[in-house]
Every structure is written in C-alpha cells, then in structure tokens.
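Labels below follow one simple rule: chain letters A, B, ... track the order of the sequence lines, proteins then strands, and each chain is numbered from 1.
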Number of protein chains: 2
Amino acid sequence: MSDVPTITTIAQRAGVSIASVSRVLNGLPTRAETESRVMSAARELGYVPNSAARSLKSRRSNQVGFAIADIGNPVYLAMIREIQPLLKAAGYRLVLHSTNVDAADEIDVLRGLGERYVDGLIMIPLRVTGEHLKMFAAARAPIVIIGSVPEGTPVDNVRTDSRKGVRLAVEHLHQLGRRRIGFVNGPLDTVPGAARSAAYAEALAGLGLPYDPDLVEVGDFYRPEGARAAARLIGRVPDLDALLCANDLIALGALDVLRRERRRVPEEVAVASMDDTDLATVAWPPLTSVSLGSAERGRAAAELLLDRLAHGDRAPRVVTVEPRLVIRASTVGEEGP
Amino acid sequence: MSDVPTITTIAQRAGVSIASVSRVLNGLPTRAETESRVMSAARELGYVPNSAARSLKSRRSNQVGFAIADIGNPVYLAMIREIQPLLKAAGYRLVLHSTNVDAADEIDVLRGLGERYVDGLIMIPLRVTGEHLKMFAAARAPIVIIGSVPEGTPVDNVRTDSRKGVRLAVEHLHQLGRRRIGFVNGPLDTVPGAARSAAYAEALAGLGLPYDPDLVEVGDFYRPEGARAAARLIGRVPDLDALLCANDLIALGALDVLRRERRRVPEEVAVASMDDTDLATVAWPPLTSVSLGSAERGRAAAELLLDRLAHGDRAPRVVTVEPRLVIRASTVGEEGP
DNA sequence: TTGTATGCGTTATCAT
DNA sequence: ATGATAACGCATACAA
C-alpha cells in the first residue's frame, strides 16, 4: 500500500502548487483546467484531508464531547439518541466520556477541554462541586450542563423541574387514596438525590401528610441496591401502601422485592418512579413514571451547544423541561403480578 | 480571559527555548533548575498541550471509533460498557458513530478513516457488501469487525456462533415438548437476519421437524414491528406452542401480543429469544434468551484493537464467543402474565 | 544540557 | 488565476 496522499502528492501529480490544490479542494474560484486536473489527481490517489492538520490550522476539532456518569443508565441513552443525529447533521463527531460516577473523572474531562480535542461539551454532573464551578468558569470551550447549576454559572443549562416531578407523583398516589407513601432514593450527595429528597418532603407537606423518616430509604440509583433498599423499607413499614422510587431502575428492584414478597401491585402497594425510560414499559406491571423529558433535554442541550458554536458568544441560557406524569398499571392497573 | 498558552508562551515565561519546554513536558533528561522553571511556568499559565498539534506530529489521534447501527439497541450498550473503560485505560477516547441502519452511512465511516481522526475502528456492520470489503482492504487504520466476515478479509474479527445459538434455543423448546415452533426474524438481508434464518431451518432439520413456512415471519429488529410480526404469525397458526424471536426487542413485542390475546406464557406459548440483554430480566415473564456474549464480544474487540495498536502488524485474528442458553420463566416458568 | 531549525498537512496571505 | 511562503503547536535531529 502506498503512502498516504497529501495535498503535496496531489500537487506533484497535477503539476500545480499546493495552494491551487487547497483552493480547488475548498471550492475557491479556479480555472476549469486546473480544477479538473486537481480533482482527478485527488480521486486517483484516494485523497482524504488530514483532520489533525485541519484542526491545527482552523482551531476547530469538529468534535463535541458528551460526559455522563454511566452509559448503562437508559436515561442517558435516550439523550444520546437525540444528541448524536443533531451533532452529525451539523458536522460534528461525538466523543463519549463515561465518568464512572466519579467526580474526579468529571474534573479530568473538564480539564481535558484545554487540549481542544472538542469544540464544546455537554455534561451531566452527578455532583457540582466548587472544583466544577471553577472549571466551568475557566473553560476554554462552551459547556452545556444538563442538571441544575447555581445561578450565574457561565454555562448553558438544561434543567427539569424535578421538584414538580416528585410532586406530580406524590399527588397522584395521594389521589388514589394512598397515605403511607414510601420513598426509595439514591445518594443524597448527588444532584438528583438531593433535589428529590427535598421535593418529597415538600410534596407531603403540601398535602398535609406527615413526614415519617421510617418511610424513606436511601441506596444508589441501580436495580440491585434498589431492591435491597426497598426490602428494608417494606420490612420496616407494614402498612406501606405506596412506593415512590427515585428512578426506574430502583423501581425495577422494588418490583422484584414486592413480587418475591407476594405483595400485589398496585392493589396493596402502588409503585411510581421517575425518568420514564423504556424500561417503564417493559416492566410488569408497566410503571407509572414521571417523565423528566430525557429526550427533550438531550435535544435542547445539543441545540444550545450548536447554537453557541455557530453564533459565538451570548449570555448563558437556561432551558427548563416540564415533567409529565405517565400513568401506567403499577398504580392504577387492574392486573398485578 | 487570556490567550491559550502554548509551549512558546511557557518558554518566554521561563526564559528557555521551546525545545527545553518540550523536553521537560515529555520527561526527557533536563537540568533540575530548568525543569522547575518550566514546570512552574506551565502550572501558572494553566498549560494544556494542544491535541491537534500533537496528533499532526505524532500521527496518532489517541481516539478509537465505534460504529453501530443504533444506540437504542441494548446489545450495543452492553458492548460499549466493556469497550469504553478498556480504551480509556489505554489512553484512547471513544468516538461513537451511529449509522442509522444505513449501509451508506457505514461506508462513510470507513471512508472517514482516511481523515485519521481515529487510530482504529470497531464496527458492527448490519450488512457486509462488496463496498465494505473494498474499504476494509484499503483502510489505513486497523479495523475490528464484530459479526461475520468472509474468510481472508484483512480485519480482526469477533464473532459468535449464532447457528449454534439458534439451535440451543430450538432444542430447548423441543425438549419441552413443543413441536410448532414459530420464528420471528429480522430482515433477511442483514448479517444476523440471514444467519438466524438459516440456523432455524437447520435446527429443525436436526430434530426431524418439518420446516413450515407458515411458522416464519419477518419484520425488523424492534419491538413495535416485532409485535406486528408476532401477531401475524399467531393469527395464522392456531396450534402454535412456541415462539423463537430473533432478539429480545422482538420478543418484547411478541409478549405484548400474547398478553393482549390472553395466551398464557409459557403454558400455551413458550417464548425464547436471543441476545440476553438486560431487558430479558425486566420483561414479564422473564425471557429465556440465548446469550451471544455481547459483553465478551465487546471486550474481545477492544482487546484485539488495542493489541494491534500497540504491537503493529500481525495476521488478522478471529475470536469466537460461544453462545449460551439462559433459561427463564418464559419457557419453563410456573407463572404467566 | 540547551538552543536552532525543520517538518507534520493544511489554510491563507501576499505577490506575481 | 496561480505560486511561494508563513503559520498553526508540537517534537526532534542536529549543532553548540
């Protein structure tokens, strides 16, 4: 196999200067004769421009980063499905970062921005530390954060009203006559964990229901630990009649436990969760879940970033996606497991 | 915000030449005094090396591409989860390509290899056309294909014995006493579709069962069409007692239909599928599914690519992952929907 | 040990 | 319209 062709190779073959080659390749005005010679030489050699050289010269990488804690979570999946085509259509490649639920990893990604291998970054931080804020401010490329950031942070921001989301679910359960509504949450030192914790208490208060610490259990955001946490809660509260889970994966774990314990869902225990991923429609019974608009958030993030990449500086923007309760059989079904 | 620092900036600040800066930054022997001056200058300026310049010089991008038809399919997910950490540990970033179930898109990705924005590529082609083979041969970067390719194709290759996988499932259903085993497949002009089609016929023959075209229905690899195809099949074959689905998503659609039609699973119709994704354990009843070792295939692909990137040329290698039947309640459970 | 100078492949400026 | 040349940021061969 011959050497990789460059514009120099083409120039020799076509008997013109590299400047002419570059011009032809970039569609700048050129004499027809020159153009055809260059084009055919390029075709014959199978020329493809070198992206590193291009990036060095143009100071643009045509790449966008997407940093998430864990690709296993279907919420992120829904986002990627929206983001990828938008980026591709705009001529950007997608560099995927999985940060292993590790704040230090997130910082590394932010620091990496300095290498300029991406023109912008979409990130979903699990926690927003002071270190994060410092990096946001110093970042040399536009950043879009999905999730809440403090007022005034110099990044575009896509958020959802998870407080309202939790309230929708709790009110729904309350309307169904449930009064002992348990809550299985993820870690309290994460952005979603903290928000949902506060929102749960708030929602109860709004309905005049007492806050009972026994009704709350904290684990992580995954199915196995969700099952364990749900088991602890169920074991502790005999008269539990509803369970709100902080995401669908936790809810799957809870359903596992309820099935094992032969508690009928929803007759004895109604189960609601959050995120409304595909899993909600696969589970049995199908899960009532609060959609936090994952797809919309992904799309909005991509659009914000592309807009900024195309039009340069402007004031940071905040897009808020409304939560929406999707009612399924795990709260109102006539069929149980 | 000040300008982005380069080694030139550092050199000025430290009062040394750019060569010394480069040497220090790359850990080459330097006088302690020089080293400390360069290091502190770099730290103060917040220097981060420019990846484009590095790539141009080193002819390496430190990126690896992963091209799949559709990120929505959980099979690919399982692979990414293995691939990403391995690449990261080896110092490579992951560039994700979603090809929209479009062969032309796949060719585009292969052509893009010439831009040298990745050092290697892992691809799961849905179809392998002559155009694909031509690009494989001409590729200027190492390629690992997950899925079968013709003998002698100059790429590393990770495959699974889907013939055997189908046979495992069919034999399992046969052992359970099922004799009217339907098959819902994806498109026949895709690699997996074609292989599974042939394997189904073969497996029946091996068991002495007749091949009945009425028992076969073709759709795509997704849940909605899987449901429609299953509905056609069920409507056409009254004495159907088992259903093999070409993947888990199709099986979910089939379960939807069977539930709607009030056919008990597995008592009346046993359901088995392929891929053994997470969905198999979420579905109700949990799906008996043939694991094609998605995680192992992803890992093997990453290892093959990293090995080649590290050690250069060697003969193409083929890794085969054994299929494994995972039996769950959709074929042997006592409980149905 | 350190500095000078060159090249990686491209785009863009400036003459011609 | 075209060619010579500089510059992007870095690594390195060579000279000092």
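- Between its opening and closing five pairs, the helix from C:dT1-D:dA16 to C:dT16-D:dA1 changes axis direction by 50°, a value rounded to 10 degrees.
- The closest side-chain heavy-atom distance from B:F66 to B:I124 is below 4.5 Å.
- Smallest separation of non-hydrogen atoms from A:E82 and A:A295: CG-O, 3.3 Å.
- Checking side-chain atoms of B:D156 against main-chain N and O of B:I145 turns up no donor-acceptor pair under 3.5 Å.
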Problem set entry | A:D105/B:K88 under salt bridge (charged side-chain N to carboxylate O under 4.0 Å, His left out): CA gap, chis, key distance, verdict | CA-CA 11 Å; A:D105 255 34; B:K88 184 178 193 172; 2.6 Å; yes
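- To the nearest 0.5 Å, atoms CZ (A:R111) and CG (A:L113) are separated by 11.5 Å.
- The shortest side-chain heavy-atom distance between B:V319 and B:L304 falls under the 4.5 Å cut-off.
- Note: OH (B:Y117) to C1' (C:dT10) measures 19 Å, nearest angstrom.
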Write out a two-atom table: protein N or O, nucleotide N or O from nucleotides 4-8 of chain C, distance below 3.5 Å.
from  : atom 1 : to    : atom 2 : distance (Å)
C:dG7 : N2     : B:K57 : NZ     : 3.0
C:dC8 : O3'    : B:R59 : NH2    : 3.3

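- The distance between atom CD1 of A:I7 and atom P of C:dA12, rounded to the nearest whole Å, is 11 Å.
- Judged purely by atom type and a 3.5 angstrom limit, B:D70 has no side-chain atom pairing as donor or acceptor with the backbone of B:N100.
- Between A:S22 and C:dT11 there is a side-chain polar atom (N or O) within less than 4.0 angstrom of OP1 or OP2.
- Taking atom CZ of residue A:R116 and atom P of nucleotide D:dC10, one finds them 11 Å apart after rounding to whole Å.
- Contact of the A:V95 side chain with the B:L94 side chain is not registered, since no non-hydrogen atoms from C-beta on lie closer than 4.5 Å.
- In this structure, A:V16 reaches the sugar-phosphate backbone alone: every heavy-atom distance under 4.0 Å involves primed, P, OP1 or OP2 atoms, never a base.
- Checking B:Y47 against B:R13 by side-chain atom types alone, no donor-acceptor pair falls below 3.5 Å.
- A salt bridge is absent between B:E303 and B:R299; no separation between the charged side-chain nitrogens and carboxylate oxygens falls under 4.0 Å.
- Taking the charged nitrogens against the carboxylate oxygens, B:D119 and B:R140 have no contact shorter than 4.0 Å, which rules out a salt bridge.
- Residue A:R54 places at least one side-chain N or O under 4.0 Å from the OP1 or OP2 atom of C:dT11.
- For D:dC10, one of the phosphate oxygens OP1 or OP2 lies less than 4.0 angstrom from a side-chain nitrogen or oxygen of B:Y47.
- Of all the residues in residues 24-32 of chain B, B:T30, B:R31 reach under 4.0 Å from DNA chain C with at least one non-hydrogen atom.
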